[in-house]
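So the structure is just underneath, and the comments pick up after that.
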Number of protein chains: 2
Amino acid sequence: MAVVLRPSLAMKLMHEVSLALVQDGEADLSSRQLAILLTIYLEPPPHHVRDLARKLGVTKPVITRALDSMGKLDLVSRRRDENDRRDVVIQRTVAGALAVERLGDLVTAKAAALPP
Amino acid sequence: MAVVLRPSLAMKLMHEVSLALVQDGEADLSSRQLAILLTIYLEPPPHHVRDLARKLGVTKPVITRALDSMGKLDLVSRRRDENDRRDVVIQRTVAGALAVERLGDLVTAKAAALPP
DNA sequence: GCCGTTTAATACGGGTCCGTAACGAGTTCC
DNA sequence: GGAACTCGTTACGGACCCGTATTAAACGGC
């Protein structure tokens, strides 16, 4: 079995988390950027633009631009694949790993503070 | 006690939920809009523009515009307060309640499917 | 070597959202 | 009744994101 979470508590949790993310005004990631970031850090590498586009059901330019934005924030980085130089391998960064870890801690804390 | 959720599981949960929201391509709400929507539906009324702006730490035009957008989607509605006609009271709608409920069900389902 | 395929990136036009500033309507206090 | 204030909205210029279409580089079969 896994995590037991009634819908009313799930909504409360989403509320607390979304409020906290908006209030600190830090990240400012779009929902797609967040989905991309979490995929990169939670699923096993290697990650390519085409895979992310297919997985999220969006076009490749969406991924390219999101990587540009998150790259500026040092949340991800890119490297040419030397075996097939058409490919770009998306890599994790220390700052990105920290940001994902902080998000996990935030959700955990909000979940622990929920009423019974 | 409340919901026990290790950080690694919390991140997995966020990942699943954000992926599902992006993939179905339905709602397309910004993070601020989501925070506003959940506040309206999970905290006791009445809700006013100024309160939401203060709670989220954003300016009032942000709230006005978010209510415009979500009003077009029939997720919220507005009404003048007859006691003080400067005030606008933000009201829930059936479609909005359904959307919030669906989100709660989604999070619940993803949580239940998490590994132990 | 050549041509078709695949990859990521870029150009473009359109839409949305932002914060600051200004605004009109309504209330309060004297 | 008039000044000061509060409330929500709108105007504006700038930034970001989107999907389609196009591009340039690289690969692979022949």
Side-chain angles (χ1 to χ4, degrees), chain A residues 18-19 21-40 45-92, chain B residues 18-19 21-40 45-92:
Chain A
S18 67
L19 265 182
L21 288 180
V22 169
Q23 282 165 347
D24 79 354
E26 197 182 327
D28 214 24
L29 294 183
S30 73
S31 53
R32 289 179 171 189
Q33 288 174 336
L34 179 64
I36 293 170
L37 187 73
L38 290 174
T39 299
I40 294 170
H47 297 287
H48 300 98
V49 173
R50 61 184 179 283
D51 297 331
L52 292 173
R54 201 176 313 124
K55 179 179 256 294
L56 281 105
V58 298
T59 59
K60 288 194 290 181
V62 168
I63 307 296
T64 294
R65 284 184 298 248
L67 294 178
D68 289 343
S69 307
M70 294 193 289
K72 275 184 204 157
L73 300 173
D74 196 34
L75 296 176
V76 298
S77 73
R78 279 181 279 194
R79 174 177 61 75
R80 278 280 159 196
D81 185 344
E82 291 305 327
N83 292 342
D84 187 336
R85 293 188 48 76
R86 292 172 300 182
D87 285 2
V88 162
V89 179
I90 301 157
Q91 297 178 298
R92 303 171 184 171
Chain B
S18 67
L19 265 183
L21 289 180
V22 169
Q23 282 164 349
D24 79 354
E26 196 183 328
D28 214 23
L29 293 183
S30 74
S31 52
R32 290 180 171 188
Q33 288 174 337
L34 179 63
I36 294 170
L37 186 73
L38 289 174
T39 300
I40 293 169
H47 298 287
H48 299 99
V49 173
R50 61 186 180 283
D51 298 331
L52 292 173
R54 200 177 314 125
K55 178 178 257 294
L56 281 103
V58 298
T59 58
K60 287 193 293 178
V62 169
I63 307 297
T64 294
R65 284 184 297 247
L67 294 178
D68 288 344
S69 307
M70 293 193 290
K72 273 183 205 159
L73 300 173
D74 196 33
L75 296 176
V76 298
S77 72
R78 279 182 279 196
R79 173 177 62 76
R80 279 278 159 197
D81 183 346
E82 291 304 327
N83 293 341
D84 187 336
R85 294 188 47 76
R86 291 172 301 182
D87 285 2
V88 162
V89 179
I90 300 156
Q91 297 179 297
R92 302 171 184 172

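Since the model is a prediction, treat every value here as computed from it, not as a measurement. In the text below, chain A, chain B and the rest are named by the order of the sequence lines, each starting its count at 1.
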Test side-chain contact (heavy atoms from CB on, under 4.5 Å) applied to B:I63 and B:K55, step by step: CA-CA 11 Å; B:I63 307 297; B:K55 178 178 257 294; over 6 Å; no
DNA chain C contacts made by residues 50-58 of chain B, counting heavy atoms under 4.0 Å: none
5′-ward residue of the pair A:D81/A:K72 relative to DNA chain D: A:K72
Value in whole Å for how far the C1' atom of C:dA11 lies from NZ of A:K60: 16 Å
Separation of C:dT7 P from A:E82 CD (nearest whole Å): 18 Å
Any B:S69 side-chain N or O less than 4.0 Å from OP1/OP2 of C:dC17: yes
Touch class at under 4.0 angstrom, heavy-atom based, for B:Q33 against every strand present: sugar-phosphate
Reported CG-to-CD1 distance for the pair B:L67 and B:I40, which is rounded to 0.5 angstrom: 5.5 Å
Length of the CZ-P vector between B:R79 and D:dG8, whole Å: 13 Å
N or O in side chain of B:R80 less than 4.0 angstrom from C:dA25 OP1/OP2: no
Spacing between B:L67 atom CG and D:dG8 atom P, to the nearest angstrom: 10 Å
Separation between CD1 of B:I90 and CE of B:M70, rounded to the nearest 0.5 Å: 8.0 Å
Nearest-angstrom distance from the residue atom CZ of B:R32 to P of D:dA15: 17 Å
Euclidean distance, B:L73 CG relative to B:L37 CG, rounded to 0.5 Å: 10.0 Å
B:L56 side, atom CG; A:S18 side, atom OG - distance, nearest 0.5 Å: 8.0 Å
Option from A:D84, A:V88, A:V89 for which side chain to side chain contact (heavy atoms under 4.5 Å, CB included) with A:H48 holds: A:V89
A:T64 side-chain N/O to C:dA9 phosphate OP1/OP2 under 4.0 Å: yes
Integer-rounded Å distance: D:dT9 C1' and B:D68 CG: 9 Å
Protein-nucleotides 20-26 of chain D N/O pairs closer than 3.5 Å?
none

Pairwise distance OG1(A:T39) to CG(B:L19) - rounded to 0.5 angstrom: 4.0 Å
B:H47 NE2 to D:dC7 C1', straight-line distance once rounded to whole Å: 18 Å
Test item: B:R32 and B:L52 side chains (from C-beta on) under 4.5 Å apart, heavy atoms: no
Approximate separation, where rounding is to 0.5 Å, of B:R79 CZ and B:D87 CG: 10.5 Å
Nearest-angstrom distance from the residue atom NE2 of A:H48 to C1' of C:dA8: 11 Å
